[in-house]
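A, B, ... follow the sequence lines: proteins, then strands. Residue 1 opens every chain.
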Amino acid sequence: MGQNPDHQSWVTSREIEEPTPAGALRQGLGLGLGAVAHRELLDFEPQGTKPGAGVGSRHLRALAGGRGGQHPGLTGASGGDQLPVLRFVPPSELVPAIQHQEARHPPLVCPVMPDGPSPPRVRMAPSPTGYVHLGSARTALFNLLFARHEGGCFVLRIDDTDLERNRPEYEQAIYDGFHWLGLEWDEGPDVGGPFGPYRQSERLDLYRELAARLLATGHAYRCYCTREELEAERRRAEQEHRPYRYSRRCLYRPPAGRHEFTVRFRVPEGRTAFTDLVRGKVEVDNDTVGDPVIVKANGWPVYNFSSACDDALMQITHILRGEEHIPNTPVQLMLLDALGMARPRAFCHLPVIVGKDRKKLSKRHHPEVRLGLYQELGYLPEALLNYLALLGWNPGTEQEIFSFDELVSAFDISRVQRSSAMFDWQKLDSINGHYIRRLSDAELAERLLPYLPDLPAATVRAAAPALKERLRRLGDAPGLLSYLGSPPTPPPLTPAQQEMVATAAQALATSEWTPRAIEEALNRLGRERGWSRGALFSPIRWAVAGRVSPPLHDTLALLPKQEALGRLRGALAAAQSKTRGGA
RNA sequence: GGCCCCGUCGUCUAGUGGACUAGGACGCAGCCCUCUCAAGGCUGAGAUCGCGGGUUCGAAUCCCGCCGGGGCUACCA
């Protein structure tokens, strides 16, 4: 970090006159090389290419916009049927052109924030390729906590560049899931903001321009290799026990006559290092990194490219993301450097959340990855949020229960853990139980309603107090109350127990039907007959509920009076006939 | 295989050279309370701080090596 601590170029939302992709691009570029409106640079499709020469090239050309005007930086040798080979022009030769463009389009960079560094901007950039991952929720939470703690801004961006797997409904699932958890963002596709659009699928022209720039400056090249050829290269390397890296065949000897291509970034020599807020310095030798594809054959950018560009363009200052992104970081940094864009101030790679098998939570092996599951099972969002905060972070005190505001003030990014965190249902249950017990009766009843659709609301409200200390999840309520809808099979009763049930039925018949009155009636009966509560209550419970249930007076009161008395009499009748039959 | 990250009770973790007979929480066991189940209270078991070397009067804490686990190694993100 700190390679480009260009705090001068902080841009506030008010100063941005043109919240369009092009405007944002100019500002982003302004961070580094100065604003360049390089419309002509875009046309990285060489002259003379036959139209419709493959999906990729068509797509790129279409989005590049311009008709192939002459540009000093790009020289495509024209040729008949053969696709011309692009000549890469060294950056030094481009300088006059850039200056020229600059004169026509003065930079839009707005110097603001006179004193001190600008407040941080962080982002969460999920891709709508499936249900919301628990790890995404945790990452979003840490970003949010960091932003709020530092008085910064939390951005939600949708990284939807995977055409094959994206689904619009999954984007909605992200909003729903995050809203459910109480995660709110300041800028995003649904709420807007000065750095939009916030959906990568709507920023394609930007990536195209940036890719063209990389191509023009020789930082990138077209790769015409087929997937099969690439696969063969990979296999060969494996057989020869050699670490695989792309051979750069298309950089040196591109095959002729092919039309479909990807764009690869040419990884420079040297080493790339960055500072991670919790791990310290991380450094890699660039030649352990193969030239990555940055634009797919269908013209869409690859994550590593679009994400890095957008982070810079959206002026994201701190990147908090999962540990699985550590290997991506050097590539993104090299890309930014090549583009002359500012690097983020800092990175923080959060430990992965692992399952019982110590492996990263995955769709295939861990049902607990799915955020929606927690809602279904009846976890309180505030409890899950609290638990998630503790997964990979701790305040350094013994406090474990936090409101959101408490988390915000306690959150200190340097206390993020380095080692992976194992997901633990029991700990979650315990925290959830704690939050349930803290709810008021009315609030609990309200939250319980969706989990007890078959019960009248009045019954749910009446049950809430008795349930409160017995629930670990709201979804446990139907089980605890299932006796209401299904009478137990009549239990075997000793003659003494039969007498207890019979007299209890009598006493209860004249009792008011409230927990309080029932309790008093039963206690009086026990005192009069010399029966202990344990002795008296058990047969009644078996007759009425047949299983573990709330305190007896609540168990009875939740049932309609006639139903309760009917069950008592029914159990009695069954036991008596059995006794007679057996005798 | 290569690159990178990590390594304190079963789990989440406190700990940054002496206050460590390594603390807390979840879970577990026992007891108390008690109409079942919970909740609550108390008590307890549980970690030779991955291993081996150093440095130091002294190391969980610093250094080196090893081992183990994980992540990444896609025209996924």
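When distances are taken from the side chain of A:Arg415 to each of B:C76, B:A14, B:C4, the shortest belongs to B:A14. You'll find that the side chain of A:Arg470 is closest to B:A38, out of B:A38, B:G69, B:C35. Relative to the side chain of A:Asp424, the nucleotides B:G27, B:C26, B:A74 differ in distance, and B:C26 lies closest. Of the candidate nucleotides B:C35, B:U36, B:G71, B:U36 has the atom lying nearest to any side-chain atom of A:Val548. Of all nucleotides listed (B:A77, B:C35, B:A25), B:C35 comes nearest to the side chain of A:Pro551. Checking B:C75, B:C12, B:G7 against every side-chain atom of A:Arg358, the shortest atom distance belongs to B:C12. For A:Val302, the side-chain atoms get nearest to B:C75 when compared with the rest of B:C75, B:A14, B:C5. Side-chain proximity of A:Ala421 to B:C12, B:A14, B:A25: nearest is B:C12. Considering only the side chain of A:Ile326, B:C4 comes nearest among B:G71, B:C4, B:A74. The side chain of A:Ser538 approaches B:C35 more closely than any other nucleotide in the set B:G27, B:U11, B:C35.
Pairing partner, B:C20: none, since no Watson-Crick or wobble contact has both distances short of 3.5 Å.
B:G27 and B:C9 have their C1' atoms separated by 12 Å, with the value rounded to a whole Å. On the P atoms, B:C32 is 16 Å away from B:A38, given to the nearest whole Å. Nucleotides B:C31 and B:U13, compared at atom C1', are 28 Å apart to the nearest Å. Taking atom C1' in both B:C12 and B:C35, one finds a spacing of 37 Å when rounded to whole Å.
Among the protein residues, A:Arg418 comes within range of the sugar-phosphate backbone only, with heavy atoms under 4.0 Å from sugar or phosphate atoms but none that close to a base. Here A:Asp276 lies out of heavy-atom contact (under 4.0 Å) with every strand. Among the protein residues, A:Glu238 comes within range of no part of the nucleic acid, since none of its heavy atoms lies under 4.0 Å from any strand. Using a 4.0 Å heavy-atom distance criterion, A:Ser127 is classed as a sugar-phosphate-only contact. Using a 4.0 Å heavy-atom distance criterion, A:Glu283 is classed as a sugar-phosphate-only contact.
Annotation for A:Gln399: atom CD counts as buried by contact number, over 12 foreign heavy atoms lying within 6.0 Å. When the shell of 6.0 Å around CD of A:Glu231 is examined, it contains more than 12 heavy atoms from other residues, nucleotides or ligands. The local environment of CZ in A:Arg415 is crowded, with over 12 non-hydrogen atoms from other residues, nucleotides or ligands closer than 6.0 Å.
When the P atom of B:U73 is taken as reference, atom OH of A:Tyr244 falls 14 Å away, rounded to whole Å. Residue A:Met422 contributes atom CE, which lies 13 Å from atom C1' of B:G7 at whole-angstrom precision. In this structure, A:Lys363 places its NZ atom 12 Å from C1' of B:C76, rounding to the nearest Å. A:Phe423 has its CZ atom 17 Å from the P atom of B:C26, to the nearest Å.
Under 4.0 angstrom from either OP1 or OP2 of B:G71 there lies no side-chain N or O belonging to A:Lys360. The phosphate of B:G40 (OP1 or OP2) has a side-chain N or O of A:Arg437 nearer than 4.0 angstrom. Dashed line: the shortest gap from a side-chain N or O of A:Thr161 to OP1 or OP2 of B:A77 is under 4.0 Å. Contact annotation: A:Gln417 side-chain N/O to B:A14 OP1/OP2 distance is under 4.0 Å. The side chain of A:Lys296 contributes an N or O atom lying less than 4.0 Å from OP1 or OP2 of B:A77. Under 4.0 angstrom from either OP1 or OP2 of B:A38 there lies no side-chain N or O belonging to A:Arg473.
Geometrically, A:Arg264 engages A:Tyr246 in a cation-pi contact, judged by NZ or CZ lying under 6.0 Å from the ring centre and within 45° of the ring axis.
Two residues, A:Gly396 and A:Ala125, neighbour RNA chain B, and the one matched to the more 5' nucleotide by heavy-atom proximity is A:Gly396.
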Ring pair (Phe, Tyr, Trp, His ring centres under 6.0 Å), that's the test. Do A:Tyr303 and A:His325 meet it? Break it down for me.
CA-CA 11 Å; A:Tyr303 158 80; A:His325 288 286; 5.4 Å; yes
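Among residues at least two apart or in separate chains, side-chain hydrogen bond (donor to acceptor under 3.5 Å, both in side chains) pairs with a member in residues 478-491 of chain A are A:Ser482-A:Arg547.
Aromatic ring centres of A:Phe411 and A:Phe142 lie closer together than 6.0 Å.
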